[in-house]
Amino acid sequence: MGTIRFELRTDKKDKEDYYPLELIYSVSNQRKKYAIGIKLLKEYWIKEDQVIEYIDKRKAKSLFPTIDFDKLPTSNEVTEMNNTLAKLTAD
């Protein structure tokens, strides 16, 4: 049986400070990495729990003073991204 985990690629930041999230699948000490098409700010990723955290606008204003708030994910978008992670893990 293999293991699945997700990793935020902090070495691949885009010009808006978003990082890609990738899936790492390990079987018998063989690893495969897959891009899953999710990009987020590093403050949204909870590595220990392997989930994306929703940050409300009040907290986001103090954390990201230079970022356009319309580009930040809504609560529904964060839930959808977490559902995608759960589905990938289940598959």
Side-chain angles (χ1 to χ4, degrees):
M1 187 77 178
T3 60
I4 293 176
R5 67 182 173 91
F6 298 95
E7 183 176 285
L8 194 64
R9 293 290 310 268
T10 56
D11 60 328
K12 291 194 170 191
K13 177 173 73 168
D14 69 9
K15 62 185 174 188
E16 295 179 342
D17 292 334
Y18 282 79
Y19 299 90
L21 193 62
E22 72 179 8
L23 179 138
I24 300 173
Y25 182 64
S26 300
V27 176
S28 302
N29 292 327
Q30 299 279 332
R31 276 191 211 158
K32 294 283 185 175
K33 296 181 178 187
Y34 301 97
I36 58 173
I38 294 177
K39 288 186 175 186
L40 46 116
L41 296 165
K42 64 182 174 182
E43 289 83 2
Y44 280 81
W45 180 241
I46 309 294
K47 181 179 180 179
E48 298 80 23
D49 298 333
Q50 297 281 287
V51 295
I52 302 166
E53 173 187 38
Y54 171 69
I55 298 175
D56 64 20
K57 291 208 180 215
R58 179 178 293 185
K59 186 176 177 183
K61 283 182 182 181
S62 64
L63 288 174
F64 321 114
T66 60
I67 293 180
D68 181 10
F69 295 109
D70 293 330
K71 294 183 179 180
L72 296 176
T74 64
S75 175
N76 289 338
E77 290 171 335
V78 169
T79 300
E80 187 177 310
M81 286 187 276
N82 280 323
N83 289 341
T84 299
L85 299 181
K87 184 178 182 317
L88 287 169
T89 302
D91 288 346

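As the structure is a computational prediction, the values presented were derived from the model and not from experiment.
Taking 4.5 Å as the limit, some side-chain heavy atom of I36 sits within range of a side-chain heavy atom of L88. Residues K42 and L8 meet the side-chain proximity criterion, which asks for heavy atoms closer than 4.5 Å. Residues L41 and L72 have side chains in contact (heavy-atom distance under 4.5 Å, counting atoms from C-beta outward). A 4.5 Å side-chain heavy-atom check between Y44 and P73 finds at least one atom pair inside the cut-off. Within the 4.5 Å cutoff, side-chain heavy atoms of L63 are placed close to those of I55.
For residues 57-67, the set of pairs meeting the salt bridge (charged side-chain N to carboxylate O under 4.0 Å, His left out) definition, not counting sequence neighbours, is empty.
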Please walk me through it: do K32 and I24 pass side chain to side chain contact (heavy atoms under 4.5 Å, CB included)? CA-CA 6 Å; K32 294 283 185 175; I24 300 173; over 6 Å; no

Working note: E43 + F64, criterion side chain to side chain contact (heavy atoms under 4.5 Å, CB included); need CA distance, chi angles, decisive distance, verdict. CA-CA 10 Å; E43 289 83 2; F64 321 114; 3.2 Å; yes

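Taking the side-chain hydrogen bond (donor to acceptor under 3.5 Å, both in side chains) definition, one finds that D56 meets it with nothing, sequence neighbours left out. With sequence neighbours excluded, the residues that form a salt bridge (Lys or Arg N to Asp or Glu O under 4.0 Å) with K13 are D17. Looking at residues two or more places apart in sequence or on another chain, you find no side-chain hydrogen bond (donor to acceptor under 3.5 Å, both in side chains) involving Q50. Every side-chain hydrogen bond (donor to acceptor under 3.5 Å, both in side chains) that E7 has, sequence neighbours left out, goes to R5.
The closest donor-acceptor contact from the side chain of T74 to the backbone of E77 lies under 3.5 Å.
Note: K33 NZ to S26 OG = 9.5 Å, rounded to the nearest 0.5 Å. Once rounded to the nearest 0.5 Å, the distance linking CD of E22 with NZ of K12 reads 7.5 Å.
V51 belongs to a hydrophobic cluster with I46, counting contacts under 4.5 Å between side-chain heavy atoms of Ile, Leu, Val, Met, Phe, Trp and Tyr, direct or through other members.
The heavy-atom pair separating Y25 from I4 by the smallest distance is CD1-CG1, 3.4 Å. Here the closest heavy-atom approach between residue L85 and residue L21 is recorded as CD2-CD2, 3.8 Å. Residue E53 comes nearest to V78 through the heavy atom pair C-CG1, 4.0 Å, listed as atom of the first residue, atom of the second, then distance.
Ring-plane geometry between W45 and F6 is classed as perpendicular, the angle between the planes exceeding 60 degrees on a 0 to 90 degree scale with a lower cut at 30.
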